[in-house]
Amino acid sequence: MGTVPDDLTRAPIKARLSGAGVLHTEEMVLNVGPQHPATHGVLRVLVSVDGERIVEAEPVIGYMHRGHEKLVEQRDFRQITNLLSRMDWLSGINNEIPASMAVERMLELEVPRRAQYLRVILAELNRIANHLMFTGSFGLELGATTPVMYAFRERELIQEALELVTGGRMHFGFIRPGGLKEDIPRGFVELARRGVRQLVQKIPDYENLLMGNEIFKQRTVGVGVLDPALALDHGVSGPILRACGIPHDIRKVDPYLVYDEFDFEVPVGQQGDSFDRFWVLIQEMRTSARIVEQALDGLPAGSHIGAVPKRLTLPEGQIYCHAENPLGELGYYLVSDGGARPYRMKIRTPSFSNISVAAHMLRGAFVPDMIAILGSMFFVVGDIDR
Amino acid sequence: MGTPPRSLRSLERVDPEEFSRRVALKLEGAAGHVDVRFGAVHVTLPAGDLLAAARLLQGDPELDCAYFTFLSAIDWEAEGFEVLVSLYSLTYGATVIAHVRLPAEDPVMPSLTGVYGGANWHERECAEMFGILFEGHPNLVKLYLPEDFEGYPLRKSFRLASRRFKSWPGAKDEEEAQAGGPLR
Amino acid sequence: MTVDGDGRQRVHRVRLPKPVSFLLNWSRKYSLWMFQFGLACCSIEFIASAMPKHDIMRLGVIPFPASPRQADLMVVAGTVTDKMAPAVKRVYEQMPEPKYVISMGSCSNCGGPYWDSYCVTKGVDQIIPVDVYVPGCPPRPEGLLYGIVRLQNKIQNEDIPERWSGHAAKIPQIIGTGRSGGI
């Protein structure tokens with residue numbers, strides 16, 4: 001190779017190599033996002049790397065901050081559901097339910113049993129659609145392009161059923177205080193049953209395709225382990241918390257709607273790594289399918305909405321109403337001053353708390369693992385930023 | 001119907017009334033300001049007692065509020081701010097919401113980041129939305145808004161610019177459209 | 001090309017033979033490489049349009065290029081916030097000419113349900129020029145496909161020298177009104 005001329009920039013390296021024997025490196029700050037093919041939406045992560053290892057990671061949020069909490073103060077109690085549905089855009093029905101529940105509890109409105117059953121059916125169908133999206137996208141981020149096609153095939157079936165009832169594929173505006181906007185049309189029960197049955201048949205496909213894949217296992221087992229104490233400290237909820245081994249599901253510990261009438265098991269993981277989070281997601285689809293079938297079997301006759309005053313004005317007071325969103329605990333702290341609009345509505349979203357632990361989880365991981373970890377955190381940026 | 005539902009409720013579940021009595025007992029200073037509203041225990045505290053109360057709620061095995069749900073505020077305009085801290089006990093299945101009143105000018109309170117790590121982001125959001133200062137917070141910079149944003153959006157004094165010049169557009173567009181006017 | 005009195009180069013109008021311009025436009029409209037600037041809910045419907053049921057590839061549009069430097073078409077799907085606006089502009093500038101923009105959904109058309117928000121850019125056309133607006137909240141995948149078809153018609157009828165001379169006016173098309181040009 002010959003001697004290296006000293007006036008070139010190689011000279012300092014040559015000196016260091018001959019001296020200490022250790023290669024001198026510097027940390028580099030890498031900016032991932034906000035527009036990036038592999039991060040889910042507009043999340044920006046400032047990563048300080050030492051070679052391939054992450055030293056510090058800081059998620060920078062706010063690129064989807066639309067000001068929901070200010071906007072709901074300008075709209076009345078029925079109009080807010082349309083806006084609230086757009087936070088976690090994959091779980092439209094689940095976002096609307098706690099808002100109506102808060103109004104119903106403050107006004108002590110009676111909700112007919114048929115409406116409660118239908119709400120559960122729609123909510124669980126939406127949960128399945130949400131989990132299918134993450135099943136597909138997690139595989140896509142790790143390089144598997146086929147599962148997302150399968151996932152969307154099933155998602156289209158679910159969206160067809162939801163569209164038959166509500167007219168919308170993603171944002172519904174269907175849950176009203178007191179019940180639902182309309183009753184279900186003829187043909188919905190068969191369509192929902194068929195969709196759920198097909199889904200349950202196809203779930204083993206997802207399990208074999210992804211969880212049975214050696215590469216997937218090597219990329220996710222033991223990667224991104226979340227400590228349960230840290231999770232509780234930060235208010236982590238949903239599948240991510242249950243993957244750590246903590247059996248906390250609001251449908252069981254604080255049942256709302258008619259969840260206490262159904263027989264279902266909530267999947268709980270063990271390690272808290274990416275693999276377990278994904279496993280919990282797949283098993284939750286089975287649980288939701290079971291709930292939908294039971295609800296369709298036992299659907300009572302009756303009205304789809306109770307007796308609701310034409311103009312909704314709530315008495316003065318404050319209430320915290322929470323529900324199990326597909327991503328975790330969604331809560332609305334509603335403050336009313338006796339008017340037709342919320343005086344203040346604090347929206348407690350699951351992804352906000354879930355991503356606040358991302359900095360701790362990414363520390364010490366490799367850069368490719370960052371994609372596996374962030375992909376397995378199952379967040380929606382609209383839910384983080386509101 | 002198959003196997004009976006496996007309950008995730010802890011066997012030590014306590015009902016809200018009983019839990020509020022426990023809280024009132026342990027936090028002697030706040031004994032007169034504990035009540036139950038809609039199934040949650042509400043505690044009103046002065047700002048100076050918040051840290052000690054939070055440590056007690058977290059550390060005492062009979063309260064065990066290890067889960068940090070959220071922290072936010074309400075702007076009561078002339079009457080000041082009301083900061084809410086919501087905690088949850090997985091063991092006893094109880095929600096505790098602490099209320100702290102702050103003055104309208106110069107609202108300052110101690111930060112909970114030393115007790116609950118999750119308070120970090122919530123306090124940052126509260127600070128940028130309301131202008132409340134959390135003493136002892138390691139990194140109280142803007143969370144959501146761009147660096148050059150002026151004002152505190154969630155304060156009642158912050159008016160939405162679009163609303164000042166334009167009323168709710170639905171009816172207006174319909175009337176104008178029928179008269180042959182522009183659609184926007 | 002000539003140099004005028006001020007020393008500036010000017011592109012003169014050149015008449016391209018019709019078969020040449022037809023062929024160039026035809027090949028460009030059926031080989032769009034679409035950069036998805038998926039911001040919010042509309043991006044989910046965008047992804048659904050790329051999936052087997054709606055299949056945007058049958059229109060010649062390939063969904064996922066590796067970088068904006070290789071893309072011809074940018075679909076802004078979702079709410080553009082004031083914090084995100086500089087990034088949108090920067091990505092648009094990274095795209096090579098000829099480039100087209102479709103604004104998908106009401107948020108990027110005009111602010112949508114967030115018309116009164118304090119931190120939302122009321123319409124991405126405040127930052128970048130838009131060719132086709134697809135209304136909806138979110139628009140159905142079929143709506144986006146129709147928007148692509150209208151864009152393809154626009155490209156087919158494009159005057160290439162006019163575009164390169166810099167005198168072409170950007171006349172956007174709004175689908176669904178049936179007024180701005182037929183198919």
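We name chains A, B, ... by the order of the sequence lines, and we start the count at 1 in each one.
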Under a 4.5 Å heavy-atom cut-off, does chain C meet the side chain of [X], its backbone, both or neither?
| X | value |
| --- | --- |
| A:R169 | side chain |
| A:M149 | both |
| A:V148 | both |
| A:R44 | neither |
| A:L71 | side chain |

Given that the side chain runs from C-beta out, which part of C:C107 has a heavy atom under 4.5 Å from chain A: side chain, backbone, both or neither? neither

Under 4.5 Å from any heavy atom of chain A, what part of C:P141 do you find: side chain, backbone, both or neither? side chain

Heavy-atom pairs under 4.5 Å with chain A, option from C:P138, C:A40, C:G38 with the top count: C:A40

If you compare all heavy atoms of C:V91 against all heavy atoms of C:P68, which two are closest, and at what distance to 0.1 Å? CG1-CB, 3.9 Å

Please find the pair of heavy atoms, one from A:I347 and one from A:E69, that lie closest to each other, and give the distance. N-OE2, 3.2 Å

Salt-bridge test for A:E163 and C:R140: reply yes if a basic N is under 4.0 Å from a carboxylate O, no otherwise. yes

Checking A:D88 side chain against A:D383 main chain: does a donor-acceptor pair fall under 3.5 Å? no

Please confirm whether the ring centroid of A:H65 lies under 6.0 Å from the ring centroid of C:Y118. yes

Any idea how C:Y114 and A:H68 line up, ring-wise: parallel (<30°), tilted (30 to 60°), or perpendicular (>60°)? perpendicular

